[in-house]
Amino acid sequence: MLGKLGDLFGLGAGNIGIDLGTANTVVYSENKGIVLYEPSIVAIDVSTNRILAVGKQAKEMLGKTPENIRTVRPLRDGVITDFEATKIMLSYYITKSISGGIFKPKPRVVIGVPSGVTQVEKRAVIDAAKSAGAREVYLISEPMAAAIGAELPVEEPVGNMIVDIGGGTTEIAVISLAGIVVSSSLRIAGDEMTDAVAQFIKRKHNLLIGEQTAERAKIELGSASIENSFQKELEIKGRDITGLPRTIKITSEEIAQALEDVVAAIINAIKSTLERTPPELASDIAERGIVLAGGGSLLKNLDKRVEKETGIKTLYCEDPITAVARGVGKVLDNIEVIRKVAMP
Ligand code: ADP
Ligand code: MG
């Protein structure tokens with residue numbers, strides 16, 4: 001193939017696949033695999049409206065910025081709330097990932113985006129990628145990309161169910177014959193779990209904690225089922241209502257309690273998607289299982305809880321956090337498949 005021959009001479013286009021997630025952006029480069037994994041965050045100087053930092057650097061500023069600096073997550077809720085920031089972030093990641101060179105042709109870029117994006121938002125993403133040097137740009141909805149990354153047989157006439165729990169959105173989809181047959185997208189996912197932890201600590205212990213502390217408590221102690229939460233404790237630092245710093249001990253049981261409503265909402269959405277699934281496809285899913293992807297799905301015991309409540313075997317795909325990026329990466333050099341699965 002020409003692509004392979006081109007690589008031999010260092011002429012490969014170096015096509016790239018991007019998972020433009022609500023919490024993290026992951027870039028897959030043809031022949032190299034995952035080359036970038038950074039938070040979908042930008043830091044803006046509000047007095048001049050200039051972007052000061054993108055990705056990891058911007059995340060480090062989170063919650064620690066002086067008044068004139070604001071950190072934003074332009075895709076926080078699965079919709080693009082800040083076009084300019086999204087464009088700059090995307091351009092920055094594309095430029096960082098394509099190895100330029102005078103003989104290099106411009107790359108094809110395939111981007112996984114939340115399924116709820118509007119036509120206007122799709123345009124903005126495509127324009128941003130083109131202005132960053134892409135030759136052609138295709139968009140694939142995240143659940144489709146996750147299913148491909150999870151190696152599900154999406155083109156076959158069988159029902160596949162993928163549940164991708166990210167930061168801002170949970171995408172549930174039943175895929176058959178390269179199309180999404182039934183789906184549901186809710187704005188409840190990992191961020192809501194983090195918020196729930198912070199709210200709980202505030203209510204129960206009168207302690208204000210930052211987002212990063214709440215996230216750490218969620219990851220280290222959280223569980224999707226209260227019974228199964230093996231007892232563990234963690235010391236966390238916050239500020240009490242008088243404004244003074246205070247350290248408390250929290251238990252895994254408390255965190256599981258805090259997370260219960262969010263977990264229940266996700267489970268209900270999975271159940272209602274199953275109820276809307278045509279019987280033939282539903283029986284395929286019952287046989288093949290429900291597949292989990294996305295960082296939010298890593299909450300301990302989530303697989304067991306989904307399995308218990310739906311009665312269907314539930315499994316993780318390999319490396320759930322990179323499923324979407326590997327999925328867009330997998331189709332990069334196959335234009336026929338891209339055309340079949342791309343968003344209109
Ligand atoms: P997106 O695709 O929306 O960018 P990701 O798939 O990167 O999101 O997932 C980000 C979310 O996953 C965050 O809310 C983060 O706190 C959560 N997360 C990451 N690891 C874990 C873990 N081990 N347990 C629970 N939540 C996790
Ligand atoms: Mg995602």
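When a ligand or atom number is given, it counts from 1 through the structure's own listing order.
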ask   = At what distance, to the nearest 0.5 angstrom, does OG of Ser97 lie from CD1 of Ile34?
value = 10.5 Å
ask   = Under 4.0 Å from any heavy atom of Gly190, which atoms of ligand 1 are there?
value = 14 (O)
request  = Please identify which atoms of ligand 1 are closer than 4.0 Å to at least one heavy atom of Leu299.
outcome  = 24 (N), 25 (C)
Atoms of ligand 1 close to Ala23 [distance to a heavy atom under 4.0 angstrom, numbered from 1] = 1 (P), 3 (O), 4 (O), 8 (O), 10 (C)
ask   = What protein heavy atom sits nearest atom 5 (P) of ligand 1, and how far away is it?
value = Gly295 N, 3.7 Å
key: Those atoms of ligand 1 less than 4.0 Å from some heavy atom in Leu298   = 20 (N), 21 (C), 22 (C), 23 (N), 24 (N), 25 (C)
request  = For the pair Arg326 and Glu318, find out whether any cationic side-chain nitrogen is under 4.0 Å from an anionic carboxylate oxygen.
outcome  = no
query = What about Asp164: any of its N or O atoms under 3.5 Å from an N or O on ligand 1?
reply = no
note = Filtering Lys218, Arg76, Glu220 for the heavy atom nearest atom 17 (C) of ligand 1 leaves Lys218
remark   = Note: ligand 1 atoms sitting under 4.0 Å from heavy atoms of Asp191 are 14 (O)
request  = Give yes or no for whether the N/O distance cutoff of 3.5 Å, strictly under, is met between Gly294 and ligand 1.
outcome  = no
message = Taking distance alone, with N or O pairs closer than 3.5 Å, would you say Gly167 contacts ligand 1?
response = yes
task = Could you see which bit of Lys300 sits under 4.0 Å from ligand 1, with heavy atoms only: side chain, backbone, both or neither?
result = neither
Residue pair Ala150 / Ile162: nearest heavy atoms and the distance that separates them = CB-CD1, 4.2 Å
remark   = Within 4.0 Å of some non-hydrogen atom of Gly296, the atoms of ligand 1 are 9 (O), 11 (C), 12 (O), 17 (C)
inquiry  = If I take atom CG from residue Asn68 and atom OG1 from residue Thr48, how far apart are they, to the nearest 0.5 angstrom?
reply    = 8.0 Å
Nearest neighbour in protein (non-hydrogen) for atom 2 (O) of ligand 1 = Gly21 CA, 3.9 Å
ask   = Is Asn24 in polar range of ligand 1, meaning some N or O pair under 3.5 Å apart?
value = yes
N-O pairing of Glu151 and Lys330 below 4.0 Å = yes
query = Looking at ligand 1, does any of its N/O atoms fall within less than 3.5 Å of an N/O of Tyr37?
reply = no
inquiry  = Any nitrogen or oxygen of Glu215 lying under 3.5 Å from a nitrogen or oxygen in ligand 1? Just yes or no.
reply    = yes
message = To the closest 0.5 Å, what do you measure between OG (Ser223) and CD (Gln231)?
response = 10.5 Å
query = With Arg73, which of Asp191, Thr81, Asp82 fulfils side chain to side chain donor-acceptor pair (under 3.5 Å)?
reply = Asp191
inquiry  = Closer than 4.0 angstrom, basic N to acidic O: yes or no for Arg305 and Glu260?
reply    = yes
remark   = min-distance protein heavy atom vs atom 3 (O) of ligand 1 -> Thr22 OG1, 2.5 Å
Backbone or side-chain N or O of Ile219 under 3.5 Å from ligand 1 N or O = no
task = Determine, using heavy atoms of Ser40 and all atoms of ligand 1, whether some pair is separated by less than 4.0 Å.
result = no
remark   = From the list Ile94, Val324, Val26, side chain to side chain contact (heavy atoms under 4.5 Å, CB included) with Ile18 holds only for Ile94
Atom CZ of Arg276: over 12 foreign heavy atoms under 6.0 Å = yes
message = Please tell me whether Ile255 and Ile248 are part of a single hydrophobic cluster in this structure, the criterion being side-chain heavy atoms less than 4.5 Å apart.
response = yes
request  = Calculate, to the nearest 0.5 Å, the distance between atoms CG and CD belonging to Leu221 and Glu253 respectively.
outcome  = 11.5 Å
